[in-house]
Amino acid sequence: MDFTDLLPNATLSTSALALAVAFYVMVLLRERKSPLSKIPTVGASGIITSRFSAMKAFHQGHAMIQEGYEKYTIFKIPRFFSWMVVITGREQLEDIRKASDDFLSFSAVIEHAAQLDYTISPKLRADYFHINVVRGPMTRNIGARFPELLDEIDKALGDVMGSTNKDWVSITCYSSVAHIVSRLSARFFVGSELSSNARYTKIMQDYVEHVMKNGVLLRLMPNWLKPYITSGVFRSHARLHEVEDFLRPILSKRLEHLDNNSSDIVDGPNDMLTWLWNSAPEAHRTLHDVAIRMIFLNIAAIHTTASLLTHVLFNLATYTSYVKPLREEISDIINKEGWTKISMEKLKKLDSFVKESQRLHGSEAATVARIVHRDYTFSDGTLIPKGTHIVASGRAINHDERYYPNPQDFQGFRFLDKDPLKWQMTAINPEDLAFGFGRHACPGRFFAIAEVKAIVARLLLEYDIRLTEEGAGRPRNDWFTGIFVSPNRKASISLRKREGREVTQLSF
Ligand code: HEM
């Protein structure tokens, strides 16, 4: 072969190399100029090396956030396509609390992370009136509808335990609990017709997986491809139509009783379907609008509550010495006051036990997530450019010795004698970010906590509890994309009706 044959190829390779170098220099200059370059990095910060750190963060993001928390007040970690800026302190949280949505947006985080335009519907973000429904009528009606929740708990526990009520029954904890919570949401949101429908509760239960997992994959695709993949492969439209088919006949019946002047549903059942319809601006009074909001609220409600409840049950089964004092408190209050929302609020030991479970095991590595819509400057002068993801180091704060002595110990009654305004489950507090902070702090927390306490109280009075694999210790948590914590989904607990014996394995 003549050496000159290689020349065109060599010229091509040299041009490609020159282009790559030019691109590298351009990115380098842009990154150097970015205000983010002034913020310390955990992991590598080079253009190429930070990609390796991003890979590490995908598995170990929680450990990197812990490392940054111990060294800095503000830092960044690399994610695959962007930097994640992590704040650690009370002052920065106060800044976030004061900042308007024009600067720091929470809804943009959810829309982006879960690709809601594709996984549910672009109409969802046209109006967020459903958030006010949770803050208003939903929260106001917990007490009035508490007897129905109790009825649903008993039915759902019956599903999980089957007809056997003798000796230890082993249940896969997370899936069983998700089934119970999904039934309760369906009952409170639409009524017993759908809470007893296993297909409906399963669709709602599976929606979280759909938006979280498929949302991650959609983020990697170009926009033109997303509609085809979401519809053809991820079945987004089919799922939505199924929910609409469930809601259509129920809504139609309610629409037979419209107020002539306002087109509000009058005399309808006091539930989410009615509240959503009556709160919707005229342009959003459609089956589609109600269905997509029902789905969104189920996504917000089911996995979060089921995860907390699973942590609580793992802890009851692990730290069994708490069972007796908790049972005594529950019996005492229920005997005096009966089963009401108010009596749940009086269960102070249970409140502390649930909160400690959330603190030690359930807290997310990154909470209070916001996307910067307009360049934003924290009060210490740190400038964060538009488009950046900001989070707070929730888990590291929850495991900080300064706020929680012996933070790695499980102390079920840690919060019992502390100021309830700051330390009861429903309180929002910069030293515990489990329900977020500021204007977007979780509005569903009052419902979630009443629900968790009622399920645990009912369960403790009726059943004994233990780990199925007694010698193995508390089941280890799992991590999703390095920063989202989940209780072990496969682990079992065993329950025994408080009289009788016989062994069965049940799973949902
Ligand atoms: C243990 C259960 C729950 C946990 C741990 C939890 C946690 C959270 C967190 C961390 C946020 C973000 C707050 C922020 O970034 O500042 C949030 C927001 C939200 N949660 Fe919950 N949540 C739970 C249960 C529920 C329930 C039962 C509902 C009822 C529908 C609900 C509805 C919402 C809604 C609508 C938002 C968005 C608020 C907004 O955009 O302003 N959550 N939740």
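Numbers here simply count residues along the sequence, with the first being 1. Just so you know, these numbers come straight off a predicted model, no measurement behind them. One-based numbering, in listed order, for ligands and for the atoms of each.
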If the contact criterion is a heavy-atom separation under 4.0 Å, does T367 count as touching ligand 1? no

Looking only at heavy atoms, the pair that brings Y404 and I397 closest together is CE1-O, 3.5 Å

Is the Y128 ring parallel, tilted or perpendicular to the F296 ring (thresholds 30°, 60°)? perpendicular

Approximate separation, where rounding is to 0.5 Å, of I180 CD1 and R458 CZ: 12.5 Å

Report the nearest protein non-hydrogen atom to atom 39 (C) of ligand 1: residue, atom name, distance rounded to 0.1 Å. H440 ND1, 3.3 Å

For R135, atoms of ligand 1 separated by under 4.0 Å from a heavy atom: 41 (O)

Students should be able to answer this: which protein heavy-atom is nearest to atom 30 (C) of ligand 1, and at what distance? L297 O, 3.8 Å

Any atoms of ligand 1 less than 4.0 Å from a non-hydrogen atom of T305? List them with their elements. 1 (C), 2 (C), 27 (C)

So which heavy atom in the protein is nearest atom 35 (C) of ligand 1, and how far is it from that ligand atom? I131 CD1, 3.7 Å

Relative to atom 21 (Fe) of ligand 1, how many protein N, O or S atoms have a separation of less than 2.8 Å? 1

Closest to atom 16 (O) of ligand 1 by heavy-atom distance, out of Q358, M272, R370, M294, is R370

Check this for me - ligand 1, F437, N or O atoms closer than 3.5 angstrom, yes or no? yes

Do Y322 and F413 have ring centres separated by under 6.0 Å? yes

According to the interplanar angle, ranging from 0 to 90°, do the rings of H210 and F234 count as parallel (below 30°), tilted (30 to 60°) or perpendicular (above 60°)? perpendicular

min-distance protein heavy atom vs atom 10 (C) of ligand 1 -> A434 O, 3.4 Å

Fit a plane to each ring of H311 and H361, take the angle between them on a 0 to 90° scale, and name the class: parallel (under 30°), tilted (30 to 60°) or perpendicular (over 60°). parallel

Just by distance, with hydrogens left out, do S343 and T340 show a side-chain donor and acceptor under 3.5 Å apart? yes

Polar contact flag, side-chain donor to acceptor under 3.5 angstrom, W275-N270: yes

Note the single closest protein heavy atom to atom 37 (C) of ligand 1, along with its residue, its atom name and the distance in Å. F106 CE2, 3.7 Å

Nearest heavy-atom contact between N406 and R414 is O-NH2, 3.2 Å

Taking the six-membered ring for Trp and the full ring for Phe, Tyr or His, determine whether the centres of F189 and Y200 are under 6.0 Å apart. no

Are there over 12 heavy-atom neighbours, none belonging to K123, within less than 6.0 Å of that residue's NZ? no

